Amino acid sequence: MGQNHSNLGKVAVLMGGASAEREVSLMSGSGVLKALQSKGVDAHAFDPSQRPLDDLKREGFARCFIALHGRFGEDGTVQGALELLGIPYTGSGVMASAISMDKVMTKRIWRFEGLSTPAWQQVSSAAQTHAAFAALGAPMIVKPAREGSSIGFTKVMSADQCDAAYALASQHDPMVLCEQFIAGDEVTCPVLGPNEQPEAFPVIRIVAPEGNYDYQNKYFTDVTQYLVPAGLPDGEEAAIRALVSKAYQVLGCRGWARADVMIDAKTRTPYLLEINTSPGMTGHSLVPMSAKAAGISYEDLCVRLLQSTSTDGSVSK
């Protein structure tokens, strides 16, 4: 290509941060930084846990690529600060970011809009976790309501596991989600573009050892298989793309996101699990993998995302 993207101005790649996912954010941010620089963008690393955000204004940054994950990165807080500074940024605005980070609020909206998501209960004690298990049945997933990346996650098979599962999840968040487990194919699907006209990218099927797609397998091992094309029966991929586009729209997302979906093995019904509004951009990450299947290189993906920066008040061109 060789075109120069210096017209995008001085760009900060926000990475690191203070969340449980700092390590992964640094991996994402480094990849994005290198890609943007290779395309002639005047891009610089910026770690908001190391310096005040108003340095962005002081140093004349024109826009931000948010490569932060987890709390203080994709939960609306950084987005709000950038709104106040008047600096356009990648991804969703304050409200959609805040809602999407909270798995319970996300599911409430999806349920209200008639989109399929597994049955759930929100709990705040071990006793309530036992009651949820009695209502939802085995297996049941217990996880923090507002952490990403499978942190604090337990698959509960019997009532005697409820206490430990609640204890683990509540270490990460006082608000804990108990969710009916859907057995079947696990898939993920990125969505890019404005809220009015989202474009769903190729679906990726995730095949983990013993179905155990945990934090370790997600980022640091090579045993998990990612299949793209996903090899789903005719019509299923299109239906999932339509479902995640709708899921993105009703939450008010923009820029980009990645939705995780379980397909019930018996009924082949897809169920929305959650949506990530600041997806990973590491060597293991799924949005670049899906984009590649659509013929879009990692570097071009980064530039495309950067070109979509906006604030809640306006959409920059």
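In this chain, residues are counted from 1 in sequence order. Here the structure is a predicted model, which is why all the values come from computation and not from measurement.
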List the residues meeting side chain to side chain donor-acceptor pair (under 3.5 Å) with [X], not counting sequence neighbours, and say none if there are none.
| X | result |
| --- | --- |
| Y89 | E83, R254 |
| Q128 | S124 |
| R111 | none |
| T77 | D75 |

Could you tell me which residues satisfy salt bridge (Lys or Arg N to Asp or Glu O under 4.0 Å) with D47, sequence neighbours excluded, listed by chain and number?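 For D47, the residues satisfying salt bridge (Lys or Arg N to Asp or Glu O under 4.0 Å) (neighbours in sequence not counted) are R22.
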For E236, all residues meeting salt bridge (Lys or Arg N to Asp or Glu O under 4.0 Å), sequence neighbours excluded: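 Once residues adjacent in sequence are excluded, the partners of E236 under the salt bridge (Lys or Arg N to Asp or Glu O under 4.0 Å) criterion are R268.
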Mind checking side chain to side chain contact (heavy atoms under 4.5 Å, CB included) for [X] and listing every partner two or more places apart, or none if nothing turns up?
| X | result |
| --- | --- |
| A200 | C189, R241, V244, S245 |
| V207 | R205, Q225, L227 |
| A159 | H130, F133 |
| N195 | Q249 |

Ring pair (Phe, Tyr, Trp, His ring centres under 6.0 Å) against F61, all qualifying residues, sequence neighbours excluded: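 For F61 the ring pair (Phe, Tyr, Trp, His ring centres under 6.0 Å) partners, ignoring immediate neighbours, are H44.
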With clusters built from Ile, Leu, Val, Met, Phe, Trp and Tyr whose side-chain heavy atoms come within less than 4.5 Å, directly or transitively, what are the remaining members of the cluster of F72, listed by chain and number?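 Grouped by the 4.5 Å side-chain rule, F72 forms a cluster of one, so the answer is none.
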